[in-house]
Amino acid sequence: MAETYPHKEVIEKTSIYLPEVATLREKRPMTPFDTYFSFELRDHSLGHRPGQFAEISIPGIGEAPISVSSPPATDNRFEMVIRKVGTVTSAIHSLEVGEKVGVRGPYGTSFPMEALKGSSLLFICGGIGLVPARSAIKYALEHRDDYKNISILFGCKDPAQRLFVDELEQWKQRDDIVFYETVDTTDLSTYLEMSHMDLSYRGPVDEWKSKKWKDNVGVITTLFPKLDYVDPRETYAIVVGPPVMYKFAIMNLHDMELSDDHIILSLERRMKCGVGKCGHCQIEDIYVCQDGPVFYYNDISYIKGVI
Amino acid sequence: MSKEVKINVRHLTRVEGHGNIVVDVKDGNIEKLEWQVPEAPRFFETMVVGRAYSELATITSRICGICSIGHTCASLKATEAALGINISEQTRVLRELLLHGETLQSHILHVCYLVLPDLFKVNSVIPLIASHPDAVLLVTKLHRLSNELCDVIGGRTTHPIRAKVGHFTMLPTWQELEELKRRLEEAKGDLLKLAEIFKSVSGGFPDFNRETEYLSLTYDEEYAFYDGQVTTTDIDKNISPDEYKGVVNEFVVPQSTAKYGKFNRASFMVGALARYNNNHSQLTPLSQQIAEMLGLKPGINISPYQNNAAQVVECVFAVERSISHIEWLLGQELKMEKPDIEVKNGQGVGAVEVPRGILFHDYSYNDDGICVAANCVIPTNLNHNNIQMDFEKMVPEMLSLPEKDLQFNLEMLVRAYDPCISCSTHFLNVEFKK
Amino acid sequence: MSDKPKVAFFDFACCEGCQLQVANLEEDIIKLLDLVDLVEFREVMTGSTSETYDIAFIEGSITRKSDEKRLKDIRERSKLLVAYGQCAVNGGINRLKNIWHSMDDVKKCVYGDDSYMPHLDTYPTKGVDEVVKVDLYIPGCPINRDEFLRMVKELSLGKIPRLPNHPVCVECKLKENICLFDKGVICLGPLARAGCGAICPSNGSPCEACRGTVDNPNKNAMHEILDKYNYTVEEIKRTINLFGVNPEVKK
Amino acid sequence: MELLKISKKNFLSFVDKKMSEKKSRIVGVIQKGSHFVFDDLQSSKDLRLDYDVTILPPKKYFQPQKEVMLKFAPKNVESYVAVNSYDPITIFGIHYYDLAAIYLMDRAFSDGDGDEHYIKKRENSLLIGSYPQKHFKQRFSRSVVKDQYYKVADLMLVDMGDEYVIEVVSEKGKNYLKGSQLKKNTYSLKQVEEAKTHIKDDQKLPVTVDIASEFLTRNYYHSVWKYFGDKCFSCGSCVFVCPTCYCFDVCEEIDLTLAAGQRIKVWDGCMLENFAVVADGHNFRRDRADRFKHRTFRKVKYLPDRYRYFGCVGCGRCADACTADIAGPNKVFKYILEKQ
Ligand SMILES: Cc1cc2nc3c(=O)[nH]c(=O)nc-3n(C[C@H](O)[C@H](O)[C@H](O)COP(=O)(O)OP(=O)(O)OC[C@H]3O[C@@H](n4cnc5c(N)ncnc54)[C@H](O)[C@@H]3O)c2cc1C
Ligand code: SF4
Ligand code: SF4
Ligand code: SF4
């Protein structure tokens, strides 16, 4: 293509793709491949609602959508837990405290915590799904009086992959909520299957090699029978987990006579822009980045393959 | 004199492909003195059998990345000869341009990146980036020009895309040709500077001569590259390329996966110096001037190291000849051609001069235009024997030198030939010397 | 000396056209040399200065036992091993000899009674990953210079470079070429892995899949189309396997 | 709408004059071999308003194949700056269906959080449309485009033989004409209408636009998806040539010095195998049939649901570009109807 006209390049002040700067303030490994990060924006709070996500970037490496796992805050801090799976997530893992990342967001829909006031909440979290759910769980616990019963079910692959271990223990102790957790297996060899990831943080692996897991074993749906009667009219289920989990969780919720408009999900898709332009996250007619990631199930249940 | 020498250069550097130098001298007696070619053989002959005539150039171009254009031209000529296809003047000129682009590219790469470091006494061109930045930039500029010439005409620098049996699949635009011409004109001055740099260090070549037979194409109308008959310094009557087997007489030796060749003497030499020795009177004025400046006499030059000077001269020729070809093209209405190809059986030979010397491709096709036999005679092969003979004269002459210097001279000798070893081990219609 | 990655280049059976692409980077190679510490590159420099390599680039296919040893030795000393050029990636054009002949035939046909001579030994052509583990592939015959540069840059930044997994047609469309099928010419673009900038179709010549195919090529659909154009099974196989791609259709 | 007219000769000198003024980049349709493309005009002589269809639609000027969004120094977060690169541009001869497609792109890029990079490029453009004057065997735009193209055109040219009638659609278009040798229109509205539509489409959508979405939704589980999916190469030709496909990928490009880099948008498309792959390798649209269905539904249902107008403008490019000969949305309808 012959380009004859002189090219003018201008600086855009308001680009939707321009990240802000955030500083890494705290970093803590949680499992061999999940790390907790606390970031701080320069002069304002992220202003997110529970369940929203932000695009985190490093120039020259790339950008990745990551859920905010802290509840809404008034200070400039926000928390994330990032699983090391590829280019961007690895680069973020290798950051030191004091180093910086780019942040765009918050984006997407949130768990309707206001609308759910006065209802009972049933959280069903699988694996890293606990990360976005935690923002809502913590919000609900901070506003404990606004909600009736709060129940939390958490399942993950094996004991060494549990996230926020201290908080799980606290929840277990609380008597104003119901908390059950389970692991798929106590056999830590799943780590070996994943050995293409370098196990830079062996802590939990070593810990659970010597300790014995005394809690439940089995997939997350095995926890459902432990729940007392759940009133389907006043209970809302918040479901976040890996793709395979949704189908079974929803089947169980249906058995408990929860209707689709009482089931709230957070979905994950390939996502590039985060602002409804690039098309990657589109499932049928919805854009997960804008119409989601949080959905009432009745809004999307017509879509084949949505879960 | 009692002298011990043990030289064992495994995988000589700064040459294309793998070659070893082995010298074993005990008590002043030469026990072993070998130029070895251990490159892995690649069996192109078996690879082309069963393939269609239209694919042969694609495959045989992969014999060598550096002279892929030469192989393409020889291959297309052989196929066209076998199938009785005539090409237009336009296609011929475009192919010649391509070939000149490759000559320039290969000679610059060889003389500047591979030989000059020896003369500057460094291990590669990399230290020269810091010590002689202007010279390096000059070289990269010329090298890039040669590459872009090949890009514009052939579609790609290595393994040309557009040159096909009987035609080109795409033609350069008028603007591209104009631009090329402008830059080639500029390159003349750059080459002059380069020649001066070369001259200023060429005292570093060892003093060594050996008369041999010089073999190349020759053509009535110009300094031969694309067309011509086979000639040598030892014969009066030129020979048709079809008769190539009687000229090259290839044979196999145990130290080599490549074949050797000989004709009227124990060995012969092909390449820039052979071409110069046979055809220098047909050079353009500027290239003759450069030849004189670099000490090449209009006659037979017998130091193998002079091959590098001849390469510089040919660079100038390639640039001048390319300019006149481009001028011709600019004067034409260039047309996309559709070759009229009648698939039939036949056998044909294609011969061209590539940077390292004369190259033959010889194909036989069946009624469906499928290749049933092929033979490629590669110039580097033809020189291996001459290198060995040079070794045999040089080592006794220089036995008094420190081992390190002897080794250096031998390495430089091999590099002077610009051997393209991976190329030379690619064809395999081998007959054994019994 | 420096914390730049130590880089070395090695070649096996091939035309060395791919290292020529590296040499042809011209001015860029000078900048490149700032990024890396080139410790071994036999074709352009004398000497090898390192015991270990951060990145070893391997060119060429493996065609005999003695090469395997050398390759394994390089692997042991290299942190990251890159197969660059189609010969290294899957044997490339050298693989043609595997398709048409048994190795005994090849050797007999070529070397006659002397085929026992050890230095003439050969076996069916292998890609590098049939002998040692390969960390990264740069396909193409020859490699694309821009892709090579991109990979080196990404490696220097600690990224894991990725190959495109879409067909050549994508890049051909971006160039606004007239599709060769419109001219009745069969093109392998719909199966072939992009990354070359559709250089062949852009030069009026059909794609020959020199970079291999995408991960999941629809060969069945190609066979249907070739049928439509009255191509025979033999011709189809020939066209597709030029650069070592298996032409078979999934049943 | 005001109608004016100009002789073809004067029109060409008008184009030449605009070119010599150099107030904007001037783009038009030119010939490329046996096909046509949008490209910078060197002279009005090259302008071919009698084209059938261009290989790529004019979207490439507003959503370039590669567009720099951010520049930075690698790993230095403070260094991010957003950049945009555009010139004032005038495009001659965009067929009305391509304008209809630009209308959809305008909606998509300004919806919600607007994309400045696109919006600025559009704001600095002047679009001079036209109506096809040559048959194209795959076109069916009459059956899918209403008059939404007037929402983006500045001027429309109507070919009356020796003259053009110019429909002055926008104020910006009117200003652009200042100083040209225009006359009052003397043709009747009927004559003009006839000239706009005398080239009939060779194809049509076999159902009306209004029921298309519902018709397809009813056939969500039809065998057509698998049948076409099996033939599809996932080559993406159909989405790259489509004027209403604008999905993109985001990549990083780094300088050889590693001291500077940029984040760029590049064209991407939902027909490509990896489009919906996430980091663990899970592919949300693994099957060709699903991808084929998604693309078709996007044209026929999802875009219309969002923006009211049909998401396919019937240009026929995809059908022309598709080696497997399956991509035209009209072909899907045809197949379903034939199987009923
Ligand atoms: C709404 C949302 C919330 C999320 N929240 C979290 C969170 O809280 N914590 C967390 O750890 N993760 C989260 N993720 C997942 C996270 O975004 C991905 O793990 C991350 O994008 C991976 O990026 P990467 O560069 O490290 O991986 P890479 O594997 O390098 O992938 C980079 C990009 O390329 C794509 N890709 C992967 N494989 C291929 C391929 N073969 N070909 C082409 N492209 C490919 C990926 O989809 C990704 O977009 C979330 C995702 C979404 C959509
Ligand atoms: S010419 Fe080849 S690569 Fe290009 S679109 Fe057509 S089939 Fe695809
Ligand atoms: S779907 Fe096809 S016919 Fe419709 S607008 Fe896109 S390219 Fe044109
Ligand atoms: S152009 Fe045809 S073959 Fe290619 S992706 Fe589209 S529908 Fe499939």
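Just so it is clear: chains get the letters A, B, ... in the order the sequence lines come, proteins before strands, and each one is counted from 1.
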Closer than 3.5 angstrom, by distance alone: can the side chain of Lys75(D) be matched with the main-chain N or O of Leu157(C) as a donor-acceptor pair? yes

Where Val241(D) and Lys173(C) come nearest, the two heavy atoms and their spacing: CG1-CD, 3.2 Å

Taking side chain as everything from C-beta outward and backbone as N, CA, C, O, which of these in Asp215(C) sits under 4.5 Å from a heavy atom of chain D? Side chain, backbone, both or neither. neither

Among Leu32(C), Asp34(C), Asp28(C), single out the residue with the greatest number of heavy-atom pairs under 4.5 Å to chain D. Asp28(C)

Determine whether a donor-acceptor pair (N or O, by modelled atom type, separation under 3.5 Å) exists between the side chain of Asn218(C) and the backbone of Asp230(D). yes

Find the distance between CG (Leu174(C)) and CD1 (Ile55(D)) and round it off to the nearest 0.5 Å. 12.0 Å

Which answer fits Ser234(D), side chain, backbone, both or neither, if we ask what part of it has an atom under 4.5 Å from a heavy atom of chain C? backbone

Scanning both residues in full, the closest heavy-atom pair of Val170(C) with Cys235(D) reads CG2-O, 3.2 Å

If you take all heavy atoms of Arg288(D) and Pro217(C), which pair is closest and at what distance? NH2-C, 3.8 Å

Could you give the distance from CD (Glu273(D)) to CG (Asn165(C)), rounded to the nearest 0.5 Å? 5.5 Å

Would you say Lys175(C) has more than 12 foreign heavy atoms packed within less than 6.0 Å of its NZ? yes

Classify the side-chain pair Asp268(D)/His166(C) by whether it contains a donor and acceptor separated by less than 3.5 Å. no

Examine whether an atom of Lys32(D) lies under 4.5 Å from a heavy atom of chain C, and if so say whether it belongs to the side chain, the backbone or both; otherwise answer neither. both

Distance from Asp325(D) atom CG to Ile225(C) atom CD1, nearest 0.5 Å? 8.5 Å

Where does Ser34(D) contact chain C at under 4.5 Å (heavy atoms): side chain, backbone, both or neither? both

With chain C, the option among Gly236(D), Ala324(D), Cys232(D), Ser237(D) that has the most non-hydrogen atom pairs under 4.5 Å is Ser237(D)

Given 3.5 Å as the limit, does a donor-acceptor pair link the side chain of Glu176(C) with the main chain of Leu56(D), or not? yes

Quick one: of Leu272(D), Thr323(D), Val37(D), who has the most non-hydrogen atom pairs under 4.5 Å with chain C? Thr323(D)

Can you see which heavy atom on Phe233(D) is nearest to which on Pro167(C), and at what distance? O-CG, 4.2 Å

Out of curiosity, His35(D) NE2 to Cys179(C) SG, how far, rounded to the nearest 0.5 Å? 8.5 Å

Locate the shortest heavy-atom distance separating Gly33(D) from Ile178(C); write the atom from each residue and the value. CA-CD1, 4.1 Å

Between CD1 on residue Ile254(D) and CD on residue Glu154(C), distance to nearest 0.5 Å: 5.5 Å

Return the option, out of Lys183(C), Lys159(C), Lys31(C), Lys153(C), with the maximum number of heavy-atom pairs under 4.5 Å with chain D. Lys153(C)

